[in-house]
Amino acid sequence: KVGCIIEDNIEDIYHFAEMIIKVKEPIESEYPLIKPNQLLFTYFHFASSKRLTDAMIKSKAICLAYETVEQDGKLPLLIPMSEVAGRMATQEGAKFLEKPQGGFGILLGGVAGVKPANVMVIGGGIAGTEAALMAAGLGANVTIFDTNLDRLRYLEITMPSNVTPIYSNPFTLEQEIQTSHLIIGTVLIPGSKAPKLITKKMLNKMMPGTVLVDVAIDQGGCVETSKPTTHANPTYLVNDVVHYCVANMPGGVPRTSTMALNKATLPLLLKLADQGYKKTLTENKNYLAGLNVYRGNITFKGVSDAFDLEYTPASDLLKN
C-alpha cells in the first residue's frame, strides 16, 4: 500500500538497490552481489575479519558502519545493541551456570541463607553497565571493572549497593577471576580489535564450571580462548570453563532488537536517502566517522591498524 516491493530472492535486491540496509555484515554468499558505488549501511565490525575487509575493498562499495557513527562522544547506533547484548549476557550466563549446562550449579541470586553468585563484569560502558544492573537486580554479588576513573566514579554513585566498581589492571583481574562464577567481557575499542584481557593461562585459576560470556566477540573477543559461536551451538568448554561467545547476541531476541535498532538508525537512513551520502557525510563529521571503507580505500584508522593496511582519511576521498 505504501509502494514497497517485496522480492523473493536476495540477488534481485542487490541488483536494483542503491543502498543496502542490514543488521549484520554481509556474509560470503553476498560478496559477489555487491556492486561498485553501492552504499551498505550495517554493522560491519571489520577489525574482527580480514576476509570481510578484503571483500569490501575489492567490491569498491561504500561501507558505512553503525558501530563507528558518533554523536557527542558516544556511539548512538551501537548503544541499543549494546544494551540488548549486556542484558542478554547476564540472562544467558545465569542459564549456563546451571549444572546440566556444564556450569558451576549456582543460582545467580542465591536464596535465603545461601550466598549468591559472584559476577565479574569487565568494561563499564553501555553493555557492561546493563549486564551489571541485570546481575545486581537478580541479587548477585557484582564487581565491574574499568580504567576510566570518571566512569568508575559515575558507577559508584549510580549502581546498586551490591555492585562494586574497581579500577582494572592485570593484577586485579587475575585476583577476581579466581572467585567469580560468571565473568562477562564487554570491552570495546570502537572499530578496532578488542584487547585480550583474559589469557588462556588465566583459565587455570578459575573454578571449574565458571561461565565466560564474551560480548566483545564481534570485535575479536577479549578472551584469548574465545571463538565465535552461534545461537544453535552457543557454548564450548576449555579447561572446564564454559565459553559463551555468540556473535550477534541480539539476534536471539529479534523483536526487541529490531525495534531498538530501527529507532536509532532511521534518522540517518532518511538523511542518506533524501540527500545522498556525500552531502550527508560531508556536512556532519559524526556521520563521517561511520565511513569505514570507501571505493576500495580504508577510511577508518582502527581497521587499517588491525591489518596493517593503508589508511586514507574519508574527508580527502569525499572531495573527489
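Starting from 1, each residue takes its place in the sequence as its number.
- Considering every non-hydrogen atom in both V246 and P234, the closest pair reads CG2-CB, 3.6 Å.
- Applying the salt bridge (Lys or Arg N to Asp or Glu O under 4.0 Å) criterion to E92, with sequence neighbours excluded, gives K95.
- Within the structure, ring pair (Phe, Tyr, Trp, His ring centres under 6.0 Å) pairs that include any residue of residues 250-287 do not occur (at least two apart or interchain).
- A side chain to side chain contact (heavy atoms under 4.5 Å, CB included) with H243 is found for exactly one of L203, I217, L237, namely L203.
- By the 6.0 Å contact criterion, NE2 on H231 is enclosed, its count of non-hydrogen atoms from other residues, nucleotides or ligands being greater than 12.
- In this structure, the side chain of T299 does not engage the main chain of A314 through any donor-acceptor pair within 3.5 Å.
- With respect to D54 and K58, no salt bridge is recorded, no charged nitrogen being found less than 4.0 Å from a carboxylate O.
- Contacts of N286 classified as side chain to side chain donor-acceptor pair (under 3.5 Å), with partners at least two apart in sequence or in another chain: none.
- Considering every non-hydrogen atom in both V238 and Y236, the closest pair reads CG2-CE1, 3.6 Å.
- Residue T53 comes nearest to S49 through the heavy atom pair OG1-O, 2.8 Å, listed as atom of the first residue, atom of the second, then distance.
- Sparse packing is recorded around NZ of K200, with 12 or fewer heavy atoms of other residues, nucleotides or ligands lying under 6.0 Å away.
- Residue pairs that meet the ring pair (Phe, Tyr, Trp, His ring centres under 6.0 Å) test with at least one member in residues 55-104, sequence neighbours left out, are F41-Y66, Y43-Y66, F96-Y244, F104-H181.
- Scanning all heavy atoms of the two residues, the minimum distance from A260 to M81 falls at CB-CE, 4.1 Å.
- For Q178, there are no side chain to side chain donor-acceptor pair (under 3.5 Å) partners two or more places apart in sequence or in a different chain.
- Exactly one residue among V293, I20, I21 makes a side chain to side chain contact (heavy atoms under 4.5 Å, CB included) with L40. That residue is I20.
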Exercise for the section: Take E224 and K201 through the salt bridge (charged side-chain N to carboxylate O under 4.0 Å, His left out) test and state the conclusion after the steps. Expected result: CA-CA 9 Å; E224 188 178 6; K201 186 178 180 181; over 6 Å; no
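- Smallest separation of non-hydrogen atoms from L52 and P26: CD1-O, 3.8 Å.
- Take D150 and apply the salt bridge (Lys or Arg N to Asp or Glu O under 4.0 Å) test, not counting sequence neighbours, and it matches R153.
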